[in-house]
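I have placed the structure first, in the form of structure tokens, so that the comments after it can refer back to it.
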Amino acid sequence: MRIIVYSLTAVAILAGTVPATAQEVIVTAQRRAAGDYNGGYANGVVSAQRPIITLKRSADYIVRSVKLIGDARDATVRMNDINATLRNMIATAPKAGVELALGDYVVEPLTEANYRNLAYASDGRPDTSMTTFLVKVKLVPDMDIPAAKTKIDRFIDSVAKVGRSTLATTGEPTLSVVNPDQYRGQIADLIAADAAKMSAKFGPAYGVEVTGLDRPVEWARASPLEVFLYLPSTYIVTRR
């Protein structure tokens, strides 16, 4: 006799298959249809259905997107202005208590070594070049979204803009988590405890079978400052 108790619906996040390393990931609020899971990650879109067993914890960073635009008529001058402004940002960010990063779903530091890898667009106007990247504030006790926005805005205002380059924040802040897979053991403990409690309701003749624990840890936003972390696992209660 087998009794299906419930399943933890898998959630797909990020573009492409992502290795389980100490990466930092953006927690997206986008949603896809429940059950639309292809076994990999897909464009940062997460499931519309959140699983029952999750680890709820604070995010590691509050993240804001920043737009840098240069509109000098000469293209060489324009890029020189932009690059000089970027170097000023990289140099002054530590003193301002913020960090610079790049990436849509997997985040890496923006540094002197890689800032020239940023992609540029025209911003829809002639003789303009625009790029976007991230400014992060580490989430510490007593930090909230308004405080993080203020800190980022003050940093943006303080940066020495070179020539005709300008900076502006865009959109609303989001969250990031560093190395979600480090919480695998805690999540597995929650699943084991719930499965044991549920099987006990059926008596000593029953046990539990669990699948899906070998998949990467997945995540969703839980509140303005918190995230849900979970494994896309399923367990069933079975007769021994």
Side-chain angles (χ1 to χ4, degrees), residues 2-32 34-42 44-63 99 101 103-109 136-141 143 174-202 204 206-238 240:
R2 292 176 31 156
I3 303 174
I4 298 177
V5 181
Y6 58 76
S7 66
L8 302 182
T9 303
V11 172
I13 307 176
L14 308 181
T17 299
V18 181
T21 60
Q23 62 194 203
E24 180 180 352
V25 297
I26 295 293
V27 179
T28 178
Q30 292 179 279
R31 294 287 183 247
R32 61 172 167 75
D36 180 16
Y37 178 67
N38 63 4
Y41 291 108
V45 181
V46 304
S47 174
Q49 184 175 351
R50 179 173 59 82
I52 296 172
I53 303 174
T54 65
L55 174 65
K56 186 179 180 181
R57 67 176 304 275
S58 294
D60 293 307
Y61 287 91
I62 298 173
V63 184
E99 299 177 35
D104 294 324
Y105 307 116
V106 177
V107 176
E108 63 176 296
K136 310 185 301 174
V137 175
K138 191 169 183 60
L139 190 53
V140 297
M143 173 69 70
T174 187
L175 306 175
S176 71
V177 177
V178 177
N179 189 17
D181 268 343
Q182 69 179 293
Y183 303 103
R184 172 182 297 278
Q186 294 180 54
I187 300 167
D189 288 344
L190 293 175
I191 296 170
D194 190 84
K197 180 179 178 181
M198 195 64 69
S199 66
K201 293 179 180 294
F202 298 90
Y206 289 85
V208 183
E209 294 180 3
V210 184
T211 61
L213 295 179
D214 57 334
R215 293 181 181 176
V217 171
E218 298 169 353
W219 52 90
R221 193 163 183 168
S223 73
L225 300 177
E226 295 173 304
V227 296
F228 292 119
L229 300 174
Y230 48 90
L231 288 164
S233 302
T234 299
Y235 74 67
I236 60 173
V237 176
T238 64
R240 296 181 190 274

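Numbers for residues simply follow the sequence, beginning at 1. Predicted model, so just to flag it, every value in this text is computed and none were measured.
A pairwise comparison of heavy atoms in Pro180 and Gln23 identifies CD-O, 3.9 Å as the closest pair. Nearest heavy atom pair, residue Ser176 against residue Ala59, reads O-CB, 3.6 Å. Residue Ala195 comes nearest to Val208 through the heavy atom pair O-CG2, 3.4 Å, listed as atom of the first residue, atom of the second, then distance. When all heavy atoms of Ser199 and Tyr206 are compared, the closest pair comes out as O-CB, 4.2 Å.
Looking at Ile187, Val217, Leu229 one by one, the single match for side-chain contact (heavy atoms from CB on, under 4.5 Å) with Asp181 turns out to be Val217.
Annotation: salt bridge (Lys or Arg N to Asp or Glu O under 4.0 Å) contacts of Glu226 (sequence neighbours excluded): Lys56. Partners of Leu213 according to the side-chain contact (heavy atoms from CB on, under 4.5 Å) rule, which considers only residues two or more places apart in sequence or in another chain, are Ile191, Val210, Leu231, Ser233. Residues forming a side-chain contact (heavy atoms from CB on, under 4.5 Å) with Glu108 (at least two apart in sequence, or on another chain): Leu102, Asn114.
Using a distance-only test at 3.5 Å, with no hydrogens or angles considered, a donor-acceptor pair links the side chain of Thr174 to the main chain of Val27. In this structure, the side chain of Arg184 engages the main chain of Arg215 through a donor-acceptor pair within 3.5 Å. Of the possible donor and acceptor atoms, one in the side chain of Arg221 sits under 3.5 Å from a partner among the backbone N and O of Pro224.
The line from OG of Ser223 to CG of Leu175 is 7.5 Å long, rounded to the nearest 0.5 Å. Of the inter-residue distances, the one linking Leu55 atom CG with Trp219 atom CH2 reads 14.0 Å to the nearest 0.5 angstrom.
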*Tell me, with the steps shown, if Tyr61 and Glu99 meet side chain to side chain donor-acceptor pair (under 3.5 Å).*
CA-CA 10 Å; Tyr61 287 91; Glu99 299 177 35; 2.9 Å; yes
*asked:* Between Val107 and Val25, is the side chain to side chain contact (heavy atoms under 4.5 Å, CB included) condition met? List the steps.
replied: CA-CA 6 Å; Val107 176; Val25 297; over 6 Å; no
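Side-chain contact between Ile62 and Leu225 is present, with at least one heavy-atom pair separated by less than 4.5 Å. Between Glu24 and Asp60, every side-chain heavy-atom pair lies at or beyond the 4.5 Å cut-off. Gln186 places none of its side-chain heavy atoms less than 4.5 Å from the side chain of Arg57.
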